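If you're wondering where the values come from, they're calculated on a predicted model, not measured in any experiment. All chains are named by letter (A, B, ...) in the order of the sequence lines, taking the proteins before the strands, and each is independently numbered beginning at 1.
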Amino acid sequence: MDDLVFLSRLQFAITSVYHFFFVPLTIGLGLFIAIWETLAYKSGNSEDERIVRFWGRLFLLNFAVGVVTGIVQEFQFGMNWSEYSRFVGDVFGAPLAIEALLAFFMESTFLGLWMFGRNVLPRGVHLTCIWLVFAASCVSAVWILIANSFMQHPVGYVLNNGRAEMTDFFALITNPYFLHQIPHVISASICTAAFFVLGISAWKMLQNTEDAFLFERTFRYALFMGFIGLIAVLLSGHLQGQSIAKLQPMKLAAMENLEKTSDPAPLSLVPGLEIPAMLSFMVHNRPSGEVQGLEDLQKTFEYRYGEGNYTPPVWVSYISFRVMVGASSIMMLFIIYGISWHLFMKKNIHRKIMFLMLLGISLPYIANSAGWILAEMGRQPWIVYGLMPTDKAISVGTSSNSIIFSITAFTFIYGALAAIIFILMRREVLRGCKSKKPTRKTAAVKV
Amino acid sequence: MSLEIVWFVLIAVLWAGFLFLEGFDFGVGILQFFFGKNERERGTYITSIGPHWDGNEVWLITAGGAMFAAFPFWYASFFSALYLPLVILLLALITRGVCFEIRHRANFEKPRFICDAALMVSSSLASLLIGVALMNLAIGIPIDVSGNFTGTFFDLVKPLALFGGILSLSLFLTNGALFLTLKIEGELQTRAYNFSKYSVIASTFLFAVATVLLCKYSVICIASLVLISSAAVLVFKQHLKTAFICVALCSACSVAALFYAIFPNVLVSSIAENSLTVWNAASSAYTLKIMSIVAAVFVPIILVYQIWSYYIFRKRISPRNVNIEV
């Protein structure tokens, strides 16, 4: 039984973290391309067009993996978590179905039109298609986060017939957890795309090929995008932290490893190094104020739910929070450097830092994954906060061998996909903004 | 009519829509490998479904999502019972979806050949497994009183279930071949047409067997047999557009026959009193009402833009004018 729980959780962790490698780039790069195609549409400039095409090719590669790994997400609630599905399906199924109806159809249809319709559609319609793809990816994020927020902070339901039944759809879609989560996820997506563009552009500028000037343009643009995105990530993350202090004090105590309830509470930077009263300040906006500790919270939970361990894995929460914040801070340093280069040192490019920017592509990925691990591990031992423990949620009819088979198969195919996509993206980047064949228009001009 | 029945019908419609649309692109995914003599020809075949396959597949995702939202007990029991077939189906769908994108990014003959082969294998597997899964709905699976699967993998691949797989495979192949006769020009079209003659006859035969085996009373079942037989006649008379529609309708009709046959059950248990029904598997009236409003508003919009996208790409393609450069 414990085996089944562990394996089911492992499978969900692997497939979800992997899926979320591709989602934020789809959202952020979709926005980037949509804006750039709008510029190209207005200027009619073939250079803008080349930029759209280059990033469009990378976008499509990324999108393909995002889509196919998304199907697994939709199916595995029923496959691995059937008790959970029965218990919350009345509330949780609705946002998933709405996501498919509102977002997936729109995303796939208009991406198909955008991809194959360049020579068929009027330019304005083609432009509209990519904006619709971006809109759909945001809509998709909205509904899946509404679903996730119900697991974190259930609202708008009543317990009836041994399950959670929806009583207030409006409460579900205005869940305070969701309202604080969505800006953080969207701004993190913008950062992911900004660093993707920054890293690749920096590398191409270093190579100094004939299309390097185009990458300098996207580099400068991505600096701006990354700056806005990072500010938004910090602000929304701060607000989300405050909301978690109210909605899930246990998660906050775990990610700070705060044993005892304190007033004022210090902020731990690394084990052994603390800033006095800083945690109180972050939670309450003033240098005093109580922050509940793990011991007291454990007692409160026991009083409410009976005997048991209600403390999430503290070290996982503690470390992942610091990894998330640490990665974002390094991203901030990159942006500060880049902007000062943009403003003051237009000629010189520090080669080493530019090369580091290429490695910097990984930073948002690390931060995104750490953020989700914190959000989901900090929710433990609950699958639905306060309503259903995770170990009661699995499919009891499934054998552990089946799950081992599927974990192995998914891991293998996901690994292979990552390698293939990496190779193909690298090749597209090396190819650069040059179009292999002259387009019909330029050919006509030459004649 | 109660909302439970409305949603039962809507889920049947989603499955039917999925088979109606994705049927031919599964078929094309298999056939390109056998019809196309070189990478350019295979590419031409694949391009015919390039803009559409993803939108078609969303019908399946939506069918799953709708089952979850409207009948959570059905979704939970059915998906966990069919664990291994679904894992394989997912692997096939992953492979398939990625192949479309990477095949025209790969600049060499060999990786493209591997992609096309993988597309063929994954499309075949997916076609088979869809049939197996749906047939299991019809014949029932062993589930206990709380809806949990008590059987083993071999309870899911009984001869009848496998027959369901072959049925869907043959139907999708026919559907795919006919789609190609409508979308492709020249010699490549002729190959598809010649194949469709054989496969439509094979499908008709298989459907006749299915009708005798499975549905003695069902009118809808007879209707799908009539549809596939008329498709056979139409293929030979070269009314290909009508034939294509007949085959696609036959897929949809088979789903209708299946859902009609199991109603009011949604998941038949081999232990009769454990069967899940539209009543005991459904969501609350409130959730169904919300979902009905959303579906009533958005399904028509979806239909409009999906049909529009088919209209945009209505032109026939041949190896000469195939343009997959993004």
Side-chain angles (χ1 to χ4, degrees), chain A residues 53 56-57 60-61 64-65 67-69 71-72 74-75 77-80 82-83 85-86 89-91 93-94 96-102 104-106 108-109 111-113 115-121 160 165-167 169 395-398 402 405-406 409-410 413 417 420 424 427-428 437, chain B residues 47 50-52 54-55 57-58 60-62 64-66 68-70 72-73 75-81 83-84 86-87 90-91 93-98 100-102 105-107 143 147-150 283-284 286-287 290-291 294-295 298-299 302 305-306 309 312-313 315 323-326:
Chain A
R53 286 186 176 223
R57 288 193 287 268
L60 289 173
L61 280 168
V65 189
V67 165
V68 294
T69 52
I71 314 175
V72 180
E74 182 95 11
F75 277 28
F77 291 109
M79 291 163 68
N80 281 8
S82 58
E83 287 302 324
S85 302
R86 289 187 187 109
D90 198 272
V91 192
L96 289 200
I98 296 175
E99 184 191 15
L101 281 171
L102 267 66
F104 292 163
F105 274 116
M106 188 159 128
S108 57
T109 309
L111 190 77
L113 282 160
M115 205 170 153
F116 290 86
R118 195 177 287 275
N119 300 323
V120 189
L121 294 169
N160 197 13
E165 293 190 347
M166 199 199 300
T167 54
F169 184 66
S395 303
V396 285
T398 315
S402 306
F405 167 74
S406 72
F410 281 127
I413 200 163
L417 275 187
I420 293 170
L424 291 177
R427 177 183 299 163
E428 292 297 343
K437 287 172 281 185
Chain B
T47 307
H52 308 301
D54 192 9
E57 202 161 283
V58 175
L60 172 69
I61 300 176
T62 310
F68 197 177
F73 290 80
Y75 169 79
S77 296
F78 186 55
F79 278 58
S80 60
Y83 194 87
L84 282 178
L86 284 180
V87 169
L90 286 172
L91 295 172
L93 291 178
I94 291 173
T95 311
R96 222 178 93 80
V98 172
F100 284 110
E101 183 52 35
I102 62 181
R105 300 264 165 246
N107 285 335
I143 53 173
N148 291 316
F149 183 55
T150 53
S283 283
S284 64
Y286 180 81
T287 302
I290 295 282
M291 290 304 301
V294 175
F298 285 95
V299 171
I302 291 164
Y305 63 63
Q306 276 212 331
S309 107
I312 291 291
F313 298 109
K315 245 175 82 181
N323 183 9
I324 45 180
E325 197 64 34
V326 176

Next item on the list: Pick whichever of B:A295, B:G97, B:A76 has the most heavy-atom pairs under 4.5 Å with chain A.
Entry: B:A76
Item checked: Atom group of A:L121 that falls short of 4.5 Å from chain B, counting heavy atoms -> side chain
Next item on the list: Please round to the nearest 0.5 Å and tell me the distance separating atom CG of B:L90 and atom CD of A:E74.
Entry: 10.5 Å
Check: Considering only heavy atoms, which portion of B:I94 lies under 4.5 Å from any heavy atom of chain A: side chain, backbone, both, or neither?
Finding: both
Notebook entry, point to check: chain A: which of B:S77, B:A81, B:S309, B:S80 shares the most heavy-atom pairs with it under 4.5 Å?
Noted result: B:S80
Item checked: Top contributor to chain A contacts, counting heavy-atom pairs under 4.5 Å, from B:V98, B:I143, B:V299 -> B:V98
Notebook entry, point to check: So what's closer than 4.5 Å to chain B heavy atoms on A:V72: side chain, backbone, both or neither?
Noted result: both
Margin query: How close do A:F75 and B:Y75 get, counting heavy atoms only, and between which atoms?
Written below: O-OH, 3.6 Å
Item checked: Side chain, backbone, both or neither of A:E99 within contact of chain B (heavy atoms, under 4.5 Å) -> neither
Notebook entry, point to check: What residues, two or more places apart in sequence or in another chain, satisfy side chain to side chain contact (heavy atoms under 4.5 Å, CB included) together with B:V87?
Noted result: A:M79, A:F405, A:S406, A:F410, B:Y83, B:L91
Notebook entry, point to check: Quick one: of A:T398, A:L102, A:V65, who has the most non-hydrogen atom pairs under 4.5 Å with chain B?
Noted result: A:L102
Check: Of all residues at least two apart in sequence or in a different chain, which pass the side chain to side chain donor-acceptor pair (under 3.5 Å) check with A:S85?
Finding: none
Item checked: A:D90 side-chain N/O to B:S284 backbone N/O, donor-acceptor pair under 3.5 Å -> yes
Notebook entry, point to check: Checking heavy atoms, do the side chain of A:I413, its backbone, both or neither come under 4.5 Å from chain B?
Noted result: side chain
Item checked: Under 4.5 Å from a heavy atom of chain B, the part of A:I71 involved -> both
Next item on the list: Under 4.5 Å, counting heavy-atom pairs only, tell me which of A:F104, A:F169, A:F105 racks up the most with chain B.
Entry: A:F105
Checklist line | Close side-chain approach of A:E83 and B:N148, heavy atoms under 4.5 Å | finding: yes
Item checked: Side chain / backbone / both / neither for B:Y305 at chain A, heavy atoms under 4.5 Å -> both
Next item on the list: Counting only heavy atoms closer than 4.5 Å, note whether A:I420 contacts chain B via side chain, backbone, both or neither.
Entry: side chain
Check: Side chain, backbone, both or neither: which part of A:S395 has a heavy atom under 4.5 Å from chain B?
Finding: side chain
Next item on the list: For each of A:N160, A:L96, A:I98, tally heavy-atom pairs with chain B at distances under 4.5 Å, and name the one with the top tally.
Entry: A:I98
Notebook entry, point to check: For chain B, which of A:G117, A:A64, A:S402 has the most heavy-atom pairs under 4.5 Å?
Noted result: A:S402
Notebook entry, point to check: Considering only heavy atoms, which portion of B:I290 lies under 4.5 Å from any heavy atom of chain A: side chain, backbone, both, or neither?
Noted result: side chain
Checklist line | Winner by heavy-atom pair count (cut-off under 4.5 Å) against chain B, out of A:T167, A:V120, A:L111 | finding: A:T167
Next item on the list: Classify the ring geometry between B:F313 and A:F116 as parallel (under 30°), tilted (30 to 60°) or perpendicular (over 60°).
Entry: perpendicular
Next item on the list: Identify which of B:F78, B:F298, B:F149 forms the greatest number of heavy-atom pairs closer than 4.5 Å to chain A.
Entry: B:F298
Item checked: From CA spacing to verdict: side chain to side chain contact (heavy atoms under 4.5 Å, CB included), A:V68, B:L93 -> CA-CA 7 Å; A:V68 294; B:L93 291 178; over 6 Å; no
Checklist line | Backbone of A:M166 reached by a side-chain donor or acceptor of B:Y286 within 3.5 Å | finding: no
Check: If we only count heavy atoms from C-beta on, is the B:T287 to A:E165 side-chain gap below 4.5 Å?
Finding: no
Check: What are the two closest non-hydrogen atoms of B:I302 and A:L101, and how far apart are they?
Finding: CD1-O, 3.2 Å
Checklist line | Shortest non-hydrogen contact between B:A66 and A:A97, atoms and distance | finding: N-CB, 4.0 Å
